[in-house]
Amino acid sequence: MLVPVVIAGGSGTRLWPLSRTHYPKQFLSLTGEQSLLQQTLLRLKGLDHDPAIIICNEAHRFLTAEQVRLTEIPHFPIILEPEGRNTAPAIALAAFKVLEINPDATLLVMPADHDIGNVEQFLNAITLAAESTKKNKLVTFGIEPTSAHTGYGYIQKGQSLERGFTAKQFVEKPDEVTAMRYLESGQFVWNSGIYMFKAQVYLDMLKRFNHDIFRACFNAMQNQQYDLDFTRVDASAFLACPSDSIDYAIMEPLTAQQDDAVVMVPMAAKWSDVGSFDTLWQLLDKDDKQNAICGDVIAIDTQDSLLLSENKLLATVGLKDVVVVQTKDAVLIADKNNTQAIKQAVAQLEQISRVEIHQHREVYRPWGKFDAIDEGERFLVKRITVNPGARLSMQMHHHRAEHWVVVSGIAKVTIDKKVQYVTENQSVYIPITTVHSLENPGKIALELIEVQSGSFLDESDIVRFDDEYGRADLQQGNFDDHTE
């Protein structure tokens with residue numbers, strides 16, 4: 001059987017401020033109506049496959065689960081990594097999981113944050129690769145380079161085969177001179193990061209070349225815990241695992257020792273890793289001035305630019321080759337030909353502990369979302385959206401009171417065990433230390449304005465007593481799990 005494995009643990013900092021550590025690029029709708037993660041899953045509809053395995057970071061579990069649910073693609077319980085350890089360990093977890101069911105299973109490993117423009121060619125390449133996996137080969141998919149790109153790894157072609165080439169060597173991201181030499185030689189392809197092989201073959205190679213990763217992942221899978229739609233591995237065992245990519249851990253040492261162990265199948269599928277704003281500009285539709293425009297934008301005497309506005313009017317005059325990105329809490333202006341340097345801005349923001357690198361002003365939760373629209377020294381105003389049928393945890397705060405005003409929908413509010421219903425244009429007050437909860441019993445989204453007031457308005461001031469998402473017993477102070 002073919003088991004798709006979708007690795008959804010990336011952070012995508014080169015696309016800041018669109019991509020944040022708490023909402024990375026795989027969850028963004030950058031090149032279509034669906035997010036990159038959803039597109040990755042939906043293109044599987046053209047394949048005969050068993051339920052997919054999705055692997056993500058613990059912090060992204062509810063966001064991942066909701067986006068996966070909307071695709072209606074069958075899948076195993078989502079595997080949660082306590083902390084990212086790169087691709088080699090993530091694939092090992094998937095391999096161990098699928099071998100619990102089928103010792104002859106074949107894995108199709110795909111990053112969740114890539115764009116495939118030609119799905120038919122993608123599926124054709126998968127079909128070609130199947131013959132090699134039956135012979136216990138490890139298959140990688142190569143993209144014919146169109147430029148001397150320094151942001152991609154490369155694979156050198158070896159012996160020509162009926163369905164591709166042997167992979168002679170894997171090389172890391174080159175400098176510009178080396179990349180040009182690769183391009184001119186015609187012997188190198190871009191490394192797509194997509195792989196296909198039998199689960200047992202992968203584990204055998206991992207055990208051979210990187211026993212520490214093999215042992216740590218084996219131990220982590222011995223004590224699995226199931227929680228809602230998730231599988232939690234043994235955290236202490238997994239955190240002892242070295243962090244390494246599949247290329248470093250297996251592919252590079254394997255191709256150095258054995259000429260025909262890895263097969264490279266060309267994939268002419270209009271592939272992109274959507275790794276930078278200049279790449280995104282290339283993928284998007286453009287006007288007659290070669291501007292890619294999204295949102296409320298007026299471009300005067302502007303050309304060859306990427307102009308994205310989330311919620312404000314954006315006007316440009318006399319610009320060329322620029323990237324302008326406006327979100328609710330940040331604005332980026334950059335040279336389109338130097339967007340790789342955005343990571344330097346992110347690093348500086350991290351040094352001064354700016355929250356904007358981690359989260360958007362609008363934050364998603366398993367029950368809905370909230371938008372922090374205003375704040376001062378002793379107050380914070382949020383616009384809260386609660387999905388139909390969803391409920392926030394039963395909780396209390398030591399340092400703040402809350403005032404809720406319903407804008408649309410109906411709210412079921414519990415305050416010290418007293419239940420009341422609050423409808424549009426009505427409000428309710430929750431004093432400090434009062435145990436309370438909020439639920440949407442209706443069929444449409446509940447929208448309300450929350451005004452917090454008090455001496456300490458940090459999200460760590462939440463004590464949970466009951467939570468249907470399994471967060472009541474988590475350590476207080478964890479930002480992700482103690483926000484509403």
Side-chain angles (χ1 to χ4, degrees), residues 22-23 59-70 78 226-230 359-374 379-454 457-484:
H22 289 335
Y23 204 98
H60 301 145
R61 65 193 185 281
F62 294 119
L63 184 56
T64 302
E66 177 61 15
Q67 291 206 357
V68 171
R69 182 188 67 81
L70 293 174
I78 297 167
Y226 296 95
D227 173 19
L228 300 175
D229 194 30
F230 309 111
Q359 65 182 45
H360 290 275
R361 202 184 78 178
E362 190 170 74
V363 178
Y364 286 82
R365 288 292 175 256
W367 43 261
K369 62 182 179 179
F370 68 84
D371 183 359
I373 58 180
D374 196 12
F379 75 89
L380 175 63
V381 182
K382 292 181 178 179
R383 182 186 181 100
I384 295 177
T385 303
V386 184
N387 296 329
R391 181 175 72 90
L392 281 67
S393 62
M394 185 71 70
Q395 58 185 254
M396 60 88 74
H397 315 291
H398 286 113
H399 304 284
R400 74 175 188 242
E402 296 176 341
H403 192 174
W404 296 339
V405 181
V406 174
V407 177
S408 64
I410 182 170
K412 181 181 178 181
V413 180
T414 302
I415 302 177
D416 280 342
K417 298 183 179 180
K418 180 182 177 181
V419 177
Q420 58 183 298
Y421 289 87
V422 186
T423 59
E424 294 181 16
N425 299 318
Q426 294 182 335
S427 64
V428 65
Y429 175 70
I430 301 98
I432 292 176
T433 71
T434 302
V435 178
H436 61 281
S437 71
L438 172 66
E439 181 179 349
N440 179 2
K443 301 297 184 182
I444 63 172
L446 165 63
E447 301 277 352
L448 59 87
I449 300 298
E450 175 185 85
V451 180
Q452 301 178 8
S453 59
L457 303 178
D458 190 85
E459 293 302 331
S460 61
D461 182 25
I462 297 178
V463 179
R464 282 200 175 88
F465 301 98
D466 175 60
D467 181 67
E468 63 184 55
Y469 308 109
R471 301 171 297 170
D473 60 347
L474 293 178
Q475 180 181 358
Q476 190 172 346
N478 180 300
F479 181 86
D480 177 71
D481 287 299
H482 284 268
T483 303
E484 300 299 342

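Just so it is clear, the structure is predicted and the values come from calculations on it, not from any experiment. The first residue of the sequence shown is numbered 1, and numbering continues consecutively from there.
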Taking the side chain as every heavy atom from C-beta outward, state whether Arg361 and Ile373 have any pair of such atoms under 4.5 Å apart.
-> yes

The side chain to side chain donor-acceptor pair (under 3.5 Å) partners of His403 (sequence neighbours excluded) come to Ser427

Taken to the nearest 0.5 Å, the spacing of Glu402 CD from Leu448 CG works out to 10.0 Å

Residue pair Trp367 / Asp467, side-chain heavy-atom distance below 4.5 Å | no

Looking at CE of Met394 and OG1 of Thr414, how far apart are the two atoms once the value is rounded to the nearest 0.5 Å?
-> 5.0 Å

Flag side-chain contact, heavy atom, 4.5 Å: Lys412 against Ile410 | no

Acceptor/donor pairs from residues 437-447 side chains to any protein atom, 3.5 angstrom cut, sequence neighbours excluded:
from: Asn440; atom 1: OD1; to: Gly442; atom 2: N; distance (Å): 2.9
from: Asn440; atom 1: ND2; to: Val386; atom 2: O; distance (Å): 3.0
from: Asn440; atom 1: ND2; to: Asn387; atom 2: O; distance (Å): 3.3
from: Asn440; atom 1: ND2; to: Ile444; atom 2: O; distance (Å): 2.9
from: Glu447; atom 1: OE1; to: Arg383; atom 2: NE; distance (Å): 3.3
from: Glu447; atom 1: OE1; to: Thr385; atom 2: OG1; distance (Å): 2.9
from: Glu447; atom 1: OE2; to: Thr385; atom 2: OG1; distance (Å): 3.2

When rounded to the nearest 0.5 Å, the distance separating CE of Met396 from CG of Asp461 is 8.0 Å

Passes side-chain contact (heavy atoms from CB on, under 4.5 Å), Tyr429 versus Thr434? Steps please.
-> CA-CA 10 Å; Tyr429 175 70; Thr434 302; over 6 Å; no

When rounded to the nearest 0.5 Å, the distance separating CD1 of Ile430 from NE2 of His397 is 8.0 Å

Donor-acceptor under 3.5 Å (His436 side chain, Gln395 main chain) = yes

May I have the step-by-step check of side-chain contact (heavy atoms from CB on, under 4.5 Å) for Arg61 and Ile78, ending in yes or no?
-> CA-CA 8 Å; Arg61 65 193 185 281; Ile78 297 167; over 6 Å; no

Heavy-atom side-chain contact between Leu457 and Arg400 under 4.5 Å = yes

Could you name each residue pair satisfying ring-ring contact (aromatic ring centres under 6.0 Å, His included) that touches residues 406-426, not counting sequence neighbours?
-> none

With sequence neighbours excluded, what pairs up with Gln420 under the side chain to side chain donor-acceptor pair (under 3.5 Å) test?
-> none

Gap separating the CD atom of Glu362 from the OH atom of Tyr23, nearest 0.5 angstrom | 8.5 Å

What residues form a salt bridge (charged side-chain N to carboxylate O under 4.0 Å, His left out) with Glu424, not counting sequence neighbours?
-> none

Rounded distance [0.5 Å steps], CD in Glu450 versus CH2 in Trp404 | 6.5 Å

Are Lys382 and Glu459 within salt-bridge range, i.e. N to O under 4.0 Å?
-> yes

Going through the distances and angles, do Ile449 and Val381 end up as a side-chain contact (heavy atoms from CB on, under 4.5 Å)?
-> CA-CA 7 Å; Ile449 300 298; Val381 182; 3.8 Å; yes

Taking salt bridge (charged side-chain N to carboxylate O under 4.0 Å, His left out) as the test, write out the residues that go with Asp416, two or more places apart.
-> none

